[in-house]
Amino acid sequence: MNQNEKSLPSNFIKDRIDDDLKTGKYAGKVITRFPPEPNGYLHIGHAKSIALNFGLAREYNGKCNLRFDDTNPTKEEQEYVDSIKEDIKWLGFDWEGREYYASDYFDKLYEYAIKLVKKGVAYVDSLSSEEIKEYRGMPTSPGKESPYRNRTVDENLELFEKMKNGEFEDGEHVLRAKIDMTSPNMNLRDPVLYRIKHAHHHRTGDKWCIYPMYDWAHGQSDSIEGITHSICTLEFENHRPLYDWFIDQLEIHHPSQIEFARLNLNYTVMSKRKLLQLVEQKIVDGWDDPRMPTISAFRRRGYTPESIVSFVEGVGVAKRDNVVDISVLEYAIRQDLNKKAMRVMAVINPLKIVITNYPDEIEYLDAVNNPEDESMGKRKIPFGKELWIEREDFQEVPHKKFHRLSPGNEVRLRYAYIIKCEEVIKDELGNIIELRCSYDPDTKSGSGKSDKKVKGTIHWVSAPHAFEAEIRLYDRLFNVENPSGDKDKDFLDFINPQSLEIKTKCKLEPGLKDAKPGDRFQFERQGYFCVDTKYTTLDKPVFNRVVTLRDTWAKIASRQ
RNA sequence: UGUCCCGUGGUGUAAUUGGCAACACGUCUGACUCUGGAUCAGAAGAGUCCAGGUUCGAACCCUGGCGGGACAACCA
């Protein structure tokens with residue numbers, strides 16, 4: 001255990017493990033697993049589960065397996081398996097070759113099922129799915145038993161065998177556990193163990209035409225792998241008695257299931273179904289669209305794995321429902337990139353300025369690459385009489401608290417000189433198209449020749465040297481905190497139409513020409529940006545805004 | 001109308017197992033600053049859902065309410 005892990009807050013799962021360690025319940029072992037279904041991309045909620053399971057294993061000197069719960073061949077695909085593995089690795093966790101699949105256990109599971117049939121606690125039911133649903137009853141009222149419930153063991157064995165051999169059509173029969181149709185826990189009302197699906201499985205191919213239900217496969221898979229602590233989300237709490245029942249009937253290793261509350265973030269949705277909908281309806285540009293809460297999207301947007309892990313560890317783990325504010329995530333990435341990202345200047349909405357008293361020449365100025373990290377060094381940036389500045393950094397009629405450029409006012413150009421705005425040039429329509437400024441040669445950064453102070457410093461890029469690129473600004477995908485919270489409206493009604501703003505012909509300092517896909521920078525005063533890995537081409541770089549800088553001015557301005 | 005789970009500042013979690021509630025984000029001041037960034041200093045904000053009970057002492061234990069969530073796929 002290193003210092004870092006030690007400083008993580010305690011939680012009820014660790015308490016449970018500590019107890020088990022104390023009593024010697026699992027002979028001092030801690031074996032966990034991360035069990036995704038390969039039917040979609042991982043999102044940040046999964047990152048919490050990954051960090052928890054792998055983190056626990058790391059902290060207790062145990063192991064954490066990766067197991068794909070691939071019991072439904074019609075929904076699962078290799079593409080998802082691949083993306084899940086990539087995401088886990090990217091987050092910095094390692095299953096050390098223990099890559100398992102529920103489908104690895106299909107034979108064993110079949111054997112277990114036979115055992116239950118022989119014990120007389122499982123039977124083949126020939127009701128239709130509609131009838132089964134009807135017979136199951138309601139949460140508040142008991143169900144009733146199927147007329148097929150009392151078939152003999154031999155009959156069940158024969159039928160189940162034929163199910164396996166493909167002698168029936170989909171849906172003709174199912175294998176069910178014989179528990180209690182009147183149980184107040186719906187999961188105990190004779191749950192379905194196997195259904196017939198003549199479908200091709202991504203791993204077992206056409207070997208099987210009966211597939212185990214998740215409830216039947218999951219607990220036994222954990223047991224087979226010798227999992228000590230099966231950590232899952234709250235919705236499986238009601239299933240635990242069923243899993244316990246299976247394990248007891250089978251008399252096999254009994255993991256402890258511990259449920260925790262899944263992560264929720266405001267201004268987004270976190271269900272795979274809804275994310276899939278966003279993708280399929282092309283509301284976003286794929287699973288890795290930088291506005292998505294998927295891990296691949298965060299990666300593409302420019303989040304670091306460290307920031308995501310630090311975030312999910314920071315929010316803690318408990319059993320109560322929660323909604324974490326997106327600002328906590330943004331804090332995590334800013335904190336990380338503040339230390340790591342090279343500073344650079346880029347103008348997103350350019351406004352031309354001409355420094356009328358500056359000679360017709362170019363000088364190269366020193367710029368610090370990262371004030372937080374001296375070892376990142378310095379660089380030279382070209383400066384001349386024609387520059388681009390940010391349109392927002394000029395106000396013709398300045399707000400009282402605005403201390404940037406305005407007519408007759410002075411401002412410092414970062415790493416360069418103090419300039420004064422002398423003249424505003426407009427077109428026929430009254431649009432500001434250029435500023436004429438003068439500079440004070442004694443105010444060069446670092447020269448110490450003048451002790452003149454100005455209230456503002458703005459960024460700029462030399463016009464003849466500017467490197468043009470596209471910049472994509474992202475905002476939250478939804479404009480309400482809880483898009484799924486309205487009973488009368490669909491979550492898609494809350495899509496934020498301004499969630500993506502594409503800026504073309506932005507002016508960047510020339511050194512950015514060498515930026516490679518995935519590189520991250522801080523554009524001074526604006527935010528952190530990452531070279532897009534999908535749309536960047538040799539002649540057309542695209543930058544994604546990871547997150548803005550904390551913006552006190554925006555706060556002041558929005559108060560008006 | 002059933003079963004299970006959960007109620008601690010605005011948000012998310014703690015509270016060394018019964019000793020007068022801490023941390024983080026956010027918010028608000030101020031300092032510093034060639035990023036309105038970062039950093040630093042400080043402040044406000046909960047008396048722990050409610051009511052009883054046990055106890056010298058309760059966020060922690062008990063009882064009863066109230067509120068929220070989960071469960072009725074041949075999905076996971």
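Below, read A as the first sequence line, B as the second, and so on, with proteins coming before strands; counting in each chain starts at 1. All values derive from a computational prediction rather than experimental measurement.
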Sugar-phosphate, base or nothing in reach of A:Ala261, heavy atoms under 4.0 Å: nothing
Sugar-phosphate, base or nothing in reach of A:Lys48, heavy atoms under 4.0 Å: nothing
B:G36 OP1/OP2 closer than 4.0 Å to side-chain N/O of A:Arg550: no
Touch class at under 4.0 angstrom, heavy-atom based, for A:Tyr415 against every strand present: base
Separation of atom CG in A:Leu188 from atom C1' in B:G2, rounded to whole Å: 14 Å
Rounded distance in Å - CZ (A:Phe260) to P (B:U13): 11 Å
A:Lys274 NZ/CZ over A:Phe491 ring centroid, <6.0 Å and within 45° of normal: yes
Whole-Å distance separating the CG atom of A:Asn322 from the P atom of B:U8: 11 Å
A:Phe12 CZ to B:U16 P, straight-line distance once rounded to whole Å: 17 Å
Between P of B:A14 and NZ of A:Lys14, the distance in whole Å: 10 Å
Whole-Å distance separating the CD atom of A:Gln335 from the C1' atom of B:G37: 14 Å
RNA chain B stem ranges, 3 or more consecutive Watson-Crick or G-U pairs under 3.5 angstrom: B:2-7 with B:66-71, B:10-13 with B:22-25, B:27-31 with B:39-43, B:49-53 with B:61-65
Inter-nucleotide P distance (B:G53, B:A14), Å rounded: 31 Å
Sugar-phosphate only, base, or nothing, as touched by A:Gln526 at under 4.0 Å among non-hydrogen atoms: nothing
Sugar-phosphate only, base, or nothing, as touched by A:His459 at under 4.0 Å among non-hydrogen atoms: nothing
Sugar-phosphate only, base, or nothing, as touched by A:Arg343 at under 4.0 Å among non-hydrogen atoms: base
First encountered from the 5' end of RNA chain B, between A:Gly446 and A:Ser141: A:Ser141
Interatomic distance where CZ belongs to A:Arg334 and C1' belongs to B:U39 [whole Å]: 16 Å
Separation of B:G26 P from A:Ile326 CD1 (nearest whole Å): 13 Å
From A:Trp245, A:Phe106, A:Phe246, A:Tyr243, residue fulfilling ring pair (Phe, Tyr, Trp, His ring centres under 6.0 Å) relative to A:Trp216: A:Phe246
Lys/Arg cation over aromatic A:Tyr123: A:Arg151, 6.0 Å, 45° cone: no
Summary of protein contacts for nucleotides 67-76 of chain B, nucleotide by nucleotide, where a base hit scores B, a sugar-phosphate-only hit scores S (4.0 Å, heavy atoms): --SBBBSBSB
Donor-acceptor pair between A:Asn39 and A:Glu77 side chains, under 3.5 angstrom: no
Under 4.0 angstrom between A:Thr552 side-chain N/O and B:G37 OP1 or OP2: yes
Exercise: identify the closest heavy-atom pair between A:Pro38 and A:Tyr80: O-CD1, 3.2 Å
Lys NZ or Arg CZ of A:Lys420 over A:Tyr439 ring: under 6.0 Å, within 45°: no
Touch class at under 4.0 angstrom, heavy-atom based, for A:Asn266 against every strand present: nothing
Exercise: identify the closest heavy-atom pair between A:Val480 and A:Tyr267: O-CD2, 3.3 Å
Results of ring-ring contact (aromatic ring centres under 6.0 Å, His included) for A:Tyr135 - residues two or more places apart only: none
Touch class at under 4.0 angstrom, heavy-atom based, for A:Phe402 against every strand present: base
Sugar-phosphate, base or nothing in reach of A:Val317, heavy atoms under 4.0 Å: sugar-phosphate
Residue-phosphate contact under 4.0 Å: A:Asn11 side-chain N/O, B:A14 OP1/OP2: no
A:Tyr101 and A:Glu76: side chain donor to acceptor below 3.5 Å: no
